[in-house]
Amino acid sequence: MSDGPRYQPPDASVLPRFAGVRTFGRCPHVTDPAGVDAAIVGVPFDTATSFRSGARFGPEAIRSSSMLLRPYNPALAVDVFGTLSVVDWGDIAITPGNAERTTAQVADGLRPLLEAGVATIVLGGDHSIALGELRAHASVHGPPGLVLLDAHADTWDAYFGERYFHGTPFRRAAEEGVVAPERSLLAGMRGPLYSDGDIEDARALGFEVVTCEELRLMTPAEYGRRVRERVGEGPALLGFDVDVVDPSAAPATGTPEPGGLAPHEVLAFVRALTGIDFVGGDVVEVAPPYDGPGQPTALLAATIAYELLSLLALRAR
């Protein structure tokens, strides 16, 4: 397109949405950060899961389900692709079976984009990849605040003797100093735990924790206000684990927990996060082999990534 941002999806009245190579939102596949405001980056790694694997296929499924996304977001009144130059960067090289090495690969893969001033939205992949994201952002922006929507706090110390696992990234991040717990809020936690200390361990690391029961009693405006007060000024990441959603609506995930939020609730909570300096984020734990007809989990995940792009567009406008 000759007008507007450098990179945009093609005109759907010329090229149908179901045609062409599968990229996120039909955005061009580009590997040069020049002229790019935001990049979608896939990380197809899932061998740090503790129950059901399959999230290695998450980036592909989310991309396929993103074909219907349109430029204008009426809920936030912003022309996303008319404001931001958005590309699909492709997938970062990972090492199946080696979470520690993959963490380093994620950090190395994202760092050049961040140094060029590009916001990154990562499609997972299991949640272990978040540590690599935080390392990359901390090396460029300083330790960011973390806004997390997830059924689990992911601050356990180890699984099966492994310290790099999908339930441990935020403990490792706090230990390494690549996240700012005092500027972070983790919300949506629910389900059985190993002990009554699991949630308190996250708080002991400095994170603010809002359980799913507490979150459900908040309006989106109240949640957004509480997050803004916690994060304050400075860079932040938005983390979205699809298991925060009830498995009746989003079954395709590795550790489903009944009693979660409905799709319209999570969309409202994400849209309430205006005014925060997000420099990136992720959508993780989509395991397509467990999705239902119509791929509702992948479709919701693509929409969440689009809502994060919308928040970036509002800041850039």
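Quick note: numbers below take in every heavy atom, side chains included, and nothing from hydrogens, waters or symmetry partners.
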Any donor-acceptor pair under 3.5 Å from [X] side chain to [Y] backbone:
{"X": "D37", "Y": "S85", "result": "yes"}
{"X": "S66", "Y": "G25", "result": "yes"}
{"X": "D150", "Y": "V244", "result": "no"}
{"X": "T253", "Y": "P256", "result": "no"}
{"X": "D282", "Y": "V122", "result": "no"}
{"X": "E176", "Y": "A173", "result": "no"}
{"X": "R163", "Y": "T168", "result": "no"}
{"X": "E162", "Y": "Y159", "result": "no"}
{"X": "R183", "Y": "G234", "result": "yes"}
{"X": "Y306", "Y": "R70", "result": "yes"}

Check the hydrophobic clustering (I, L, V, M, F, W, Y; side-chain heavy atoms under 4.5 Å; chains of links allowed) and say if [X] and [Y] are grouped together.
{"X": "L149", "Y": "I62", "answer": "yes"}
{"X": "Y7", "Y": "L312", "answer": "no"}
{"X": "I199", "Y": "L215", "answer": "no"}
{"X": "V283", "Y": "F278", "answer": "yes"}
{"X": "L76", "Y": "Y223", "answer": "yes"}

- prompt: Between S184 and V179, is a side-chain contact (heavy atoms from CB on, under 4.5 Å) present by the stated rule, with each step listed?
  reply: CA-CA 8 Å; S184 300; V179 68; 4.0 Å; yes
Stepwise salt bridge (charged side-chain N to carboxylate O under 4.0 Å, His left out) check, R63 with D91 = CA-CA 11 Å; R63 288 180 172 115; D91 289 350; 2.9 Å; yes
Test item: [X] and [Y] side chains (from C-beta on) under 4.5 Å apart, heavy atoms:
{"X": "I304", "Y": "L267", "value": "yes"}
{"X": "L273", "Y": "V147", "value": "yes"}
{"X": "Q105", "Y": "F45", "value": "no"}
{"X": "T47", "Y": "R56", "value": "yes"}
{"X": "L300", "Y": "V245", "value": "yes"}
{"X": "V78", "Y": "T83", "value": "yes"}
{"X": "L134", "Y": "P144", "value": "yes"}

Is it true that atom [atom1] of [X] has more than 12 heavy atoms of other residues, nucleotides or ligands lying nearer than 6.0 Å?
{"X": "R101", "atom1": "CZ", "value": "no"}
{"X": "D196", "atom1": "CG", "value": "no"}
{"X": "E213", "atom1": "CD", "value": "yes"}

Is the closest side-chain donor-acceptor distance between [X] and [Y] under 3.5 Å?
{"X": "T103", "Y": "E100", "value": "no"}
{"X": "T49", "Y": "D126", "value": "no"}
{"X": "T255", "Y": "D243", "value": "yes"}
{"X": "T23", "Y": "D88", "value": "no"}
{"X": "S64", "Y": "E60", "value": "yes"}

Could you pull out the closest heavy-atom pair between [X] and [Y], with the gap in Å?
{"X": "A180", "Y": "P143", "value": "CB-O, 3.9 Å"}
{"X": "F57", "Y": "P288", "value": "O-CG, 3.4 Å"}
{"X": "A305", "Y": "L123", "value": "CB-CD2, 4.3 Å"}
{"X": "E115", "Y": "V140", "value": "CG-CG2, 3.8 Å"}
{"X": "P296", "Y": "P251", "value": "CG-CD, 4.4 Å"}
{"X": "V209", "Y": "E214", "value": "O-OE1, 4.1 Å"}

What is the distance from atom [atom1] of [X] to atom [atom2] of [Y], rounded to the nearest 0.5 Å?
{"X": "L309", "Y": "L84", "atom1": "CG", "atom2": "CG", "value": "6.5 Å"}
{"X": "R111", "Y": "R135", "atom1": "CZ", "atom2": "CZ", "value": "9.5 Å"}
{"X": "F207", "Y": "M189", "atom1": "CZ", "atom2": "CE", "value": "10.5 Å"}
{"X": "F81", "Y": "N73", "atom1": "CZ", "atom2": "CG", "value": "10.0 Å"}
{"X": "L69", "Y": "F24", "atom1": "CG", "atom2": "CZ", "value": "5.0 Å"}
{"X": "R271", "Y": "L314", "atom1": "CZ", "atom2": "CG", "value": "11.5 Å"}

With sequence neighbours left out, the residues meeting salt bridge (Lys or Arg N to Asp or Glu O under 4.0 Å) with E208 are R226, R230
Walk me through it: do L131 and Y164 pass the test side-chain contact (heavy atoms from CB on, under 4.5 Å)? CA-CA 9 Å; L131 178 58; Y164 294 88; 3.7 Å; yes
Between F160 and F165, ring centroids under 6.0 Å
yes
*Decide side chain to side chain donor-acceptor pair (under 3.5 Å) for D201 and T155; before the verdict, give the C-alpha distance in whole Å, the side-chain angles of both, and the deciding distance to 0.1 Å.*
CA-CA 7 Å; D201 286 347; T155 54; over 6 Å; no
Taken in chain and number order and not counting sequence neighbours, the residues that satisfy side-chain contact (heavy atoms from CB on, under 4.5 Å) with A262 are H264, E265
Sequence neighbours excluded, the answer for side-chain contact (heavy atoms from CB on, under 4.5 Å) partners of Y290 is R52, A252, A287
- Message: Show, in sequence, the C-alpha distance, side-chain angles and deciding distance for V86 and Q8, and conclude whether the side-chain contact (heavy atoms from CB on, under 4.5 Å) test is met.
- Response: CA-CA 6 Å; V86 183; Q8 302 178 61; over 6 Å; no
Original post:
Would you call the rings of H152 and W156 parallel, tilted or perpendicular, where under 30° means parallel and over 60° means perpendicular?
Top reply: tilted
Discussion item. Between D277 and R228, does the salt bridge (charged side-chain N to carboxylate O under 4.0 Å, His left out) criterion hold? Intermediate values first, please.
Written reply: CA-CA 10 Å; D277 184 17; R228 281 187 290 273; over 6 Å; no
With side-chain contact (heavy atoms from CB on, under 4.5 Å) as the test, would you mind laying out the steps for M218 and V210 before giving the verdict? CA-CA 10 Å; M218 295 182 189; V210 176; 3.8 Å; yes
